[in-house]
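To start, the structure itself, in structure tokens.
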Amino acid sequence: QAQLSSGQVATMQNYTPHLFGLSTAHSSHARFDIGFAGNIQSVSMPALTSASVSSVPTAPPSPMGPPARPRKRKALTLRADDWEPYKERILDLHIVQKLSLPKVKQMIEDEYGFKAELRQYRTRVTQWGKDKNVKPQEMEAIVRKRQKRKLVETNKRPLVFDVRGSQVEPHKIERWMKRHDVVESFLYASSPAA
């Protein structure tokens, strides 16, 4: 560490340092005056010109928010009359031949050129009263009758259940019972509200 004399200390106390003074000496250089404790030194540095500033790569401005997703096109509105020429074929493929609705949709498009969304097929089949899905209330009634026949009316043959023209397979009934914790050895009673 360097020791300062009393004269140097007094000079430092009365001096306000001029740390960075910028003056443009030439158009291509800038001069920095760096001073401390009475010593002022000049340092020349190349100045930034408009050409050097413009050559700095800049990122393109980014838009705010998430990137825009293309909107899904709205499905064509189809009325009951639009479906009528294809109704019999759709029901034959879906109900009689037991094909899935996506497969039926594809076959109808290939055969007739009729285009509709899959959800429109589902809605239309339901409106025709031919959907294959068994409603919860229907399944409760099926299980109730099945258990009564199995546990009480043992001398009668097992029941076969038919919902909207489709037979309800026994494995579907058993799967529903497992899912709803219905025990095989007890009579099933649904909630009083049902």
Side-chain angles (χ1 to χ4, degrees), residues 55-194:
S55 66
V56 176
T58 57
S62 61
M64 299 301 288
R69 285 193 336 223
R71 292 183 73 170
K72 190 177 176 186
R73 65 175 181 79
K74 190 174 180 242
L76 192 66
T77 303
L78 297 168
R79 309 206 184 294
D81 294 344
D82 298 327
W83 291 87
E84 208 54 44
Y86 318 106
K87 177 179 177 179
E88 197 174 311
R89 180 71 174 141
I90 291 169
L91 293 178
D92 175 59
L93 293 169
H94 187 53
I95 304 301
V96 179
Q97 297 183 37
K98 300 187 184 310
L99 296 177
S100 66
L101 272 179
K103 180 78 176 158
V104 171
K105 174 186 180 297
Q106 189 60 53
M107 289 179 73
I108 295 295
E109 272 184 34
D110 293 344
E111 289 175 25
Y112 302 102
F114 176 72
K115 294 188 186 244
E117 298 291 327
L118 190 57
R119 60 185 168 74
Q120 291 175 312
Y121 271 86
R122 288 195 185 105
T123 304
R124 190 56 54 182
V125 168
T126 302
Q127 287 172 350
W128 289 334
K130 297 291 184 182
D131 56 329
K132 293 180 181 179
N133 294 335
V134 180
K135 311 285 185 282
Q137 306 92 317
E138 294 168 339
M139 193 57 91
E140 285 177 0
I142 288 170
V143 170
R144 198 167 43 249
K145 288 186 178 196
R146 179 181 183 268
Q147 292 300 87
K148 184 177 179 188
R149 178 61 59 95
K150 190 174 181 182
L151 301 171
V152 178
E153 303 166 345
T154 52
N155 57 340
K156 296 181 180 176
R157 62 188 173 93
L159 292 169
V160 175
F161 299 98
D162 196 280
V163 175
R164 288 182 293 285
S166 295
Q167 184 177 332
V168 181
E169 303 290 333
H171 71 273
K172 286 188 176 179
I173 300 169
E174 288 157 15
R175 187 176 61 204
W176 188 92
M177 289 173 69
K178 272 186 190 172
R179 198 180 297 145
H180 292 85
D181 298 322
V182 177
V183 185
E184 286 272 353
S185 55
F186 289 102
L187 284 173
Y188 174 68
S190 55
S191 63

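Positions are given from 1, in the same order as the sequence printed here. Any value given below was found using the heavy atoms of this structure, including those in side chains, with hydrogens, waters and symmetry copies removed. Remember, predicted model here, so these are calculated numbers, not experimental data.
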* Asked: Can Met177 and Arg146 be said to form a side chain to side chain contact (heavy atoms under 4.5 Å, CB included), step by step?
  -> CA-CA 11 Å; Met177 289 173 69; Arg146 179 181 183 268; 3.3 Å; yes
* CA sep, side-chain torsions, deciding dist, call: Ile173, Val143, side chain to side chain contact (heavy atoms under 4.5 Å, CB included) -> CA-CA 7 Å; Ile173 300 169; Val143 170; 4.0 Å; yes
* Kindly indicate, with the supporting measurements, whether the criterion side chain to side chain contact (heavy atoms under 4.5 Å, CB included) is fulfilled by Val163 and Ile142. => CA-CA 10 Å; Val163 175; Ile142 288 170; 4.0 Å; yes
* To do: Using the side chain to side chain contact (heavy atoms under 4.5 Å, CB included) rule, take Val182 and Trp176 through it: C-alpha gap first, then chi angles, then the decisive distance, then the call.
  => CA-CA 8 Å; Val182 177; Trp176 188 92; 4.2 Å; yes
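Annotation: the span from Glu88 atom CD to Leu93 atom CG amounts to 11.0 Å, rounded to 0.5 Å. Rounded to the nearest 0.5 Å, atoms OG (Ser100) and NZ (Lys105) are 11.5 Å apart. To the nearest 0.5 Å, atom CE of residue Met107 and atom CZ of residue Phe114 are 15.5 Å apart. Rounding to the nearest 0.5 Å gives a distance of 8.0 Å between NZ of Lys130 and NZ of Lys87. To the nearest 0.5 Å, atom CD of residue Glu111 and atom CZ of residue Arg89 are 4.0 Å apart. Here the NZ atom belonging to Lys172 is positioned 6.5 Å from the CZ atom belonging to Arg175, to the nearest 0.5 angstrom.
Considering every non-hydrogen atom in both Arg122 and Leu101, the closest pair reads CG-CD1, 3.6 Å.
Residues Glu140 and Arg144 are not paired through a salt bridge, judged by the lack of any N-O separation under 4.0 Å between the basic side chain and the carboxylate. Looking at Lys145 and Glu153, no side-chain N of the basic residue comes within less than 4.0 Å of a carboxylate O on the acidic one, giving no salt bridge.
Qualifying side-chain hydrogen bond (donor to acceptor under 3.5 Å, both in side chains) partners for Lys115, counting only residues two or more places apart in sequence or in other chains: none. Every side-chain hydrogen bond (donor to acceptor under 3.5 Å, both in side chains) that Lys135 has, sequence neighbours left out, goes to Asp131.
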For residues 75-85, please give each side-chain donor-acceptor pair under 3.5 Å, one per line with the distance, not counting sequence neighbours.
unit_1: Asp82; atom_1: OD2; unit_2: Arg79; atom_2: N; d: 2.8

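Remark: the backbone N or O of Lys156 is not paired with any side-chain donor or acceptor of Arg149 at under 3.5 angstrom. Formation of a donor-acceptor pair under 3.5 Å by the His94 side chain with backbone atoms of Ile90 is not found in this model. Looking at Gln147, its side chain does come within 3.5 Å of a backbone N or O of Glu184 through a donor-acceptor pair. At least one donor-acceptor pair under 3.5 Å links the side chain of Gln120 to the backbone N or O of Glu117.
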